[in-house]
Amino acid sequence: MAKWLVKTEPSECSIDDFENAQVQTIPWDGVRNYQARNFLQEMAEGDDVFVYHSSCKHIGVAGIVRVVTSAYPDPTQFRADSPYYDPKSTPEKPRWQAVDMAFEKKLPRLIPLDEIKSLPGLEGLALIRRGNRLSVMPVTEQQWQIILANA
DNA sequence: GCCAACGTTGGC
DNA sequence: GCCAACGTTGGC
């Protein structure tokens with residue numbers, strides 16, 4: 001079972017939104033980067049995903065969600081009124097994918113970015129590589145355990 | 001609000 | 001196919 005990390009601005013979608021969701025799942029859509037999309041496509045039902053809060057007051061890993069539905073064409077790419085609309089995409093040849101995720105748990109505390117940067121064994125984590133902008137990335141089992149152990 | 005780093009676009 | 005210009009990301 002693979003493990004992942006996704007970035008999100010909590011003002012858009014936070015771990016609390018997952019916890020409080022009336023519907024059980026939240027679609028992870030609007031990803032418009034090819035490398036991130038490819039990782040989305042690799043996600044399988046049941047995979048665990050760290051939720052990372054970015055561009056906010058408390059930056060860091062806040063909780064865990066689970067992949068409930070593996071990749072399907074992101075409907076927002078076809079909606080002209082969506083900020084994620086992509087006129088070059090067609091239902092026959094969709095460019096972008098989404099997955100559905102559900103709340104699993106909040107971590108006992110948010111693990112701040114500067115701590116993640118200082119933990120031994122996380123040097124290879126894409127999140128903390130210089131200038132990184134990936135919003136969806138794989139996390140190795142070992143990296144996952146190191147982060148969890150510091151929660 | 002600044003700005004470094006990056007991905008994408010489009011002219012050639 | 002190159003690469004300059006541009007827009008975006010995201011920490012600070």
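Residue numbers begin at 1 in each chain, while the letters A, B, ... track the order of the sequences.
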Query raised in the report: With distance as the sole criterion, is a donor-acceptor pair present between the side chains of Trp96(A) and Asp86(A) under 3.5 Å?
Result: yes
Rounded interatomic separation in angstrom, taking [atom1] from [X] and [atom2] from [N]:
{"X": "Lys117(A)", "N": "dG10(C)", "atom1": "NZ", "atom2": "P", "result": "13 Å"}
{"X": "Leu134(A)", "N": "dG11(C)", "atom1": "CG", "atom2": "P", "result": "13 Å"}
{"X": "Glu9(A)", "N": "dT8(C)", "atom1": "CD", "atom2": "C1'", "result": "11 Å"}
{"X": "Met137(A)", "N": "dG7(B)", "atom1": "CE", "atom2": "P", "result": "13 Å"}
{"X": "Asp86(A)", "N": "dG7(C)", "atom1": "CG", "atom2": "P", "result": "18 Å"}
{"X": "Tyr84(A)", "N": "dT9(C)", "atom1": "OH", "atom2": "C1'", "result": "13 Å"}
{"X": "Arg32(A)", "N": "dT8(C)", "atom1": "CZ", "atom2": "P", "result": "14 Å"}
{"X": "Arg130(A)", "N": "dA5(B)", "atom1": "CZ", "atom2": "P", "result": "5 Å"}

Query raised in the report: Thinking salt bridges, do Arg66(A) and Asp48(A) make one under a 4.0 Å N-O criterion?
Result: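 No, no charged N to carboxylate O under 4.0 Å.
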Query raised in the report: Name the one of Gln142(A), Glu141(A), Gln143(A) that satisfies side-chain hydrogen bond (donor to acceptor under 3.5 Å, both in side chains) with Gln145(A)?
Result: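 The single option meeting the side-chain hydrogen bond (donor to acceptor under 3.5 Å, both in side chains) with Gln145(A) is Glu141(A).
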If you compare every side-chain N and O of [X] against the phosphate oxygens of [N] (OP1, OP2), does one of them come in below 4.0 Å?
{"X": "Lys7(A)", "N": "dG10(C)", "result": "yes"}
{"X": "Tyr52(A)", "N": "dT9(C)", "result": "no"}
{"X": "Lys88(A)", "N": "dT8(B)", "result": "no"}

Report task. Specify whether Trp4(A) and Phe39(A) have parallel, tilted or perpendicular ring planes, treating 30° as the upper limit for parallel and 60° as the lower limit for perpendicular. Result ->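 Aromatic pair Trp4(A)/Phe39(A) classed tilted.
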Query raised in the report: Taking the nucleotide of DNA chain B with the closest heavy atom to each, which residue, Gly131(A) or Arg95(A), is nearer the 5' end?
Result: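 Its nearest nucleotide being more 5', the pick is Gly131(A).
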